[in-house]
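Order of the sequence lines sets the chain letters (A, B, ...), proteins ahead of strands, with each chain counted from 1. Only heavy atoms go into these numbers, but all of them, side chains included; no hydrogens, no water, no symmetry mates.
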Amino acid sequence: MIDKTVASVADAVADIPDGATVMIGGFGRAGQPVELIDALIAQGATDLTIVNNNAGNGDVGLAALLAKRRVRKIICSFPRQSDSWVFDGLYRDGDIELELVPQGNLAERIRAAGAGIGAFFSPTGVGTQLAEGKEARDIDGRTFVLEYPIKADVALISALKGDRWGNLVFRETARNFGPIMATAATRTIAQVDQVVPLGSLDPETVVTPGIFVDRVVAVGERPWVKDGAFVGGVDLEGRPL
Amino acid sequence: MIDKTVASVADAVADIPDGATVMIGGFGRAGQPVELIDALIAQGATDLTIVNNNAGNGDVGLAALLAKRRVRKIICSFPRQSDSWVFDGLYRDGDIELELVPQGNLAERIRAAGAGIGAFFSPTGVGTQLAEGKEARDIDGRTFVLEYPIKADVALISALKGDRWGNLVFRETARNFGPIMATAATRTIAQVDQVVPLGSLDPETVVTPGIFVDRVVAVGERPWVKDGAFVGGVDLEGRPL
Amino acid sequence: MSTRISRDDLARRIAADIPEGAYVNLGIGAPTLVANFLPADLEIILHTENGLLGMGPAPEAGAVDPDLINAGKQAVTALPGAAYFHHADSFGMMRGGHLDVCVLGAFQVSETGDLANWSTGAPGAIPAVGGAMDLAIGAKDVYVMTDLLTKTGESKLVEACTYPLTGVGCVTRVYTDHAIFDVTPDGFAVREAFGENTVASLQELTGLRLAPAEGH
Amino acid sequence: MSTRISRDDLARRIAADIPEGAYVNLGIGAPTLVANFLPADLEIILHTENGLLGMGPAPEAGAVDPDLINAGKQAVTALPGAAYFHHADSFGMMRGGHLDVCVLGAFQVSETGDLANWSTGAPGAIPAVGGAMDLAIGAKDVYVMTDLLTKTGESKLVEACTYPLTGVGCVTRVYTDHAIFDVTPDGFAVREAFGENTVASLQELTGLRLAPAEGH
């Protein structure tokens with residue numbers, strides 16, 4: 001029997017080595033694998049390269065990982081936010097390397113890694129600072145810039161439900177980077193609200209087939225969802241009103 | 001009010017011009033837009049370039065379009081089949097141009113057209129006849145071949161259900177080329193078993209968002225599906241047993 | 001004395017130019033105001049690049065859903081007919097040219113339609129680009145919504161951008177508090193001057209040679 | 001006298017080498033037989049490139065579903081835990097290296113693992129490639145299932161392919177009716193010789209220098 005479920009987030013991240021490239025899903029609070037990030041902080045791996053849309057908020061999650069100086073480099077599209085003080089400080093002190101990537105190139109480069117594409121000519125960033133030094137080519141009357149895949153050793157993602165084969169479904173805009181990061185990492189670890197029995201996910205509506213997922217760990221339903229239904233009663237950070 | 005539904009397949013294909021590049025979905029019988037193909041034959045457009053996985057079977061559908069000498073060129077991965085005599089004859093007589101494309105390159109080139117990619121380095125076909133004359137490049141220790149997008153003027157696809165915004169869901173392996181062809185054509189025409197009211201398709205499970213669809217035409221349920229449930233009682237071609 | 005319309009009036013003006021059935025992305029900041037003025041009786045489909053077509057207004061109090069946000073990370077809703085998708089599919093929509101309109105803010109727009117809106121290039125500033133470059137090159141029409149002048153009175157419409165570019169030759173129209181400008185092969189053309197503003201007064205403010213748009 | 005095992009026995013032998021949990025694509029033709037011999041108590045997940053993971057056996061009579069077919073366009077079923085997806089996603093799985101094993105037929109396999117299985121190169125033949133080239137380069141292990149000899153007695157294992165290539169250096173192992181061969185940096189190594197066959201007899205049949213596989 002295939003069983004990709006693991007008992008705890010600690011078990012799920014136990015073997016992430018120092019120096020690993022780690023993709024972390026999420027856009028804002030939505031789809032952020034909060035419990036897996038906390039487990040990674042507790043686990044202690046360092047010298048990491050992180051791939052995420054942002055560079056951490058406040059003092060928790062990814063920001064806390066940065067604050068412990070576990071991150072050598074971050075690949076993201078939007079590091080600067082009103083509450084990105086941890087990243088801001090490290091960056092200003094030269095203590096973290098930043099690869100800034102337009103969000104669409106970030107998504108497409110991740111997808112390319114998962115789909116076996118060697119490189120692709122992108123329409124985005126042409127003629128800007130972010131394309132400087134990159135190969136450009138005119139195709140069919142338009143200029144494109146060559147972009148390379150972004151692969152990872154590990155992806156940490158968050159989904160709504162998963163089964164023991166690793167099939168996943170997501171909820172609303174929490175889907176964001178999860179499905180593509182799952183394809184681009186050597187090992188994909190998904191936290192889910194609930195592990196459901198094999199066969200209970202409709203094969204028409206599985207978003208991430210289990211072939212892309214190595215470990216599934218249940219973290220329980222979020223406060224705004226009860227028995228699969230939206231119940232509200234929280235703020236945007238998921239804190240009870 | 002947005003209403004992409006049209007009354008008949010004849011209306012749906014009425015303005016396809018001579019010389020158009022037309023993508024036709026389907027893999028075998030599954031997902032084949034049978035009624036739209038018949039309407040295209042009746043409509044009379046000629047000098048077409050067709051993009052399909054195959055090159056027609058028997059004497060119906062795409063094969064009938066070929067037999068009427070309406071097709072100048074076909075782009076496909078697998079033209080030769082036990083019952084592809086129409087194509088075989090035209091090809092042997094030099095009366096049709098063939099661009100043979102490995103199936104994965106075909107799918108990825110169609111997807112690239114829809115996603116605005118200028119070209120991409122593919123791992124498939126390297127070192128084979130089908131890569132001759134194409135630009136090759138070593139990336140990260142592996143050789144890739146540069147492939148270009150395949151765009152179309154029109155895509156004819158078949159889906160299970162659609163709404164007036166053009167949102168589509170598919171059934172089983174009939175999904176195949178439909179979702180990617182929808183993104184790659186200037187005008188996408190979808191035949192559906194049923195048009196359903198706006199809001200009745202779950203936004204989590206829409207496969208093709210309406211932004212990719214221009215016209216939706218209902219053709220009625222197939223003999224093996226009644227009220228949305230599989231009832232069987234047919235052969236692989238959908239003919240009653 | 002030049003006429004300046006309010007930000008809300010400008011948003012209303014932009015909303016009036018968006019036809020029914022259009023697929024529209026409203027950038028973070030002022031452009032999101034446009035949603036407030038889209039006619040309730042017209043179906044205009046809003047895209048948010050974090051994975052939703054058919055975005056609706058902010059939820060009622062108590063119904064905030066942390067899983068349902070827009071690109072500005074604000075709570076939103078989904079309309080009947082909506083669809084969710086992942087980031088590569090979402091940016092494929094943008095980059096593949098499927099959006100009809102996007103509305104973006106700007107630091108500068110050049111006569112050739114170059115857009116600068118992601119970085120002032122100030123030394124030491126932390127760069128952040130998000131989806132701005134993808135939006136700039138992706139939509140069929142790229143509308144800019146901005147004040148005509150900076151706080152220190154300099155024109156945001158310029159001969160050539162001095163700030164780092166977001167996209168080259170991508171802007172089709174600029175909606176400012178003073179006037180609406182089309183980007184034409186001959187530079188900016190005044191499509192509509194608000195109130196007492198004239199082509200002449202706008203030329204003085206911008207320092208650019210301007211022409212009335214054809215047919216206006 | 002050389003030993004030849006039946007096609008079913010060969011399929012059984014291949015099935016025995018596929019571990020639980022593997023994601024497997026069985027090519028059109030003889031390789032589809034392997035499915036008949038996968039142990040019922042092990043979960044092995046079959047992929048068909050026309051958009052299904054978790055493919056099950058053929059349906060019972062009367063339950064044929066024209067919407068549910070495999071790459072060979074035969075009726076199949078979907079197991080609990082299955083998932084459907086479109087062609088670009090399906091070939092992304094293959095080309096992205098996510099499949100553990102694929103089993104393909106062959107006209108020829110070279111000592112360096114080149115595969116020829118899509119065209120005999122005969123003049124006037126109508127070319128057709130399907131997904132063969134994507135499978136050849138995509139799976140972690142590419143197994144070939146074939147007779148060792150052609151009907152006219154020529155070896156399908158060759159120093160260099162004379163038929164048009166499907167993929168370069170992609171085959172990892174060849175299962176034939178005479179023996180199993182690994183593709184190694186030193187050429188073909190005999191992993192297992194069936195019945196009375198020996199390295200020496202196989203060398204005679206193939207005309208190639210062969211070695212026993214390490215550890216065998």
Exceeds 12 heavy-atom contacts within 6.0 angstrom, atom CZ of R137(B): yes
Hey, is CG on D138(B) packed in by over 12 heavy atoms from elsewhere, all under 6.0 Å? yes
For E204(B), does the CD atom sit with more than 12 other heavy atoms under 6.0 Å from it, leaving out its own atoms? yes
Where P209(B) and L53(C) come nearest, the two heavy atoms and their spacing: CB-CD1, 3.7 Å
Do side-chain atoms of E20(C) reach the backbone of M1(B) as a donor and acceptor pair under 3.5 angstrom? yes
Are any of the side-chain heavy atoms of L99(C) and I211(B) separated by less than 4.5 Å? yes
Please determine whether the number of non-hydrogen atoms from other residues, nucleotides or ligands lying under 6.0 Å from atom NZ of K161(B) exceeds 12. no
Nearest heavy-atom pair of E43(C) and I2(B): which atoms, and what distance? OE1-N, 2.8 Å
If we define contacts as heavy-atom pairs under 4.5 Å, which of T208(B), L201(B), N167(B) has the most with chain C? N167(B)
For H98(C) and G114(B), indicate whether the former's side chain and the latter's backbone hold a donor-acceptor pair under 3.5 Å. yes
Test side-chain contact (heavy atoms from CB on, under 4.5 Å) on T183(B) and D89(C); report intermediate values, then the result. CA-CA 10 Å; T183(B) 70; D89(C) 282 350; over 6 Å; no
Other residues, nucleotides and ligands only: do more than 12 of their heavy atoms fall within 6.0 Å of CG on D140(B)? no
Options L198(B), T205(B), D202(B), ranked by heavy-atom pairs under 4.5 Å with chain C, top entry: L198(B)
What part of A82(C) lies closer than 4.5 angstrom to a heavy atom of chain B: side chain, backbone, both or neither? both
Max heavy-atom pair count under 4.5 Å with chain C, selected residue of G199(B), A115(B), G116(B): A115(B)
Do other residues, nucleotides or ligands put more than 12 heavy atoms under 6.0 Å from the CZ atom of R142(B)? yes
Restricting to non-hydrogen atoms, name the atom on W165(B) and the atom on Y23(C) that form the minimum distance, rounded to 0.1 Å. O-OH, 3.8 Å
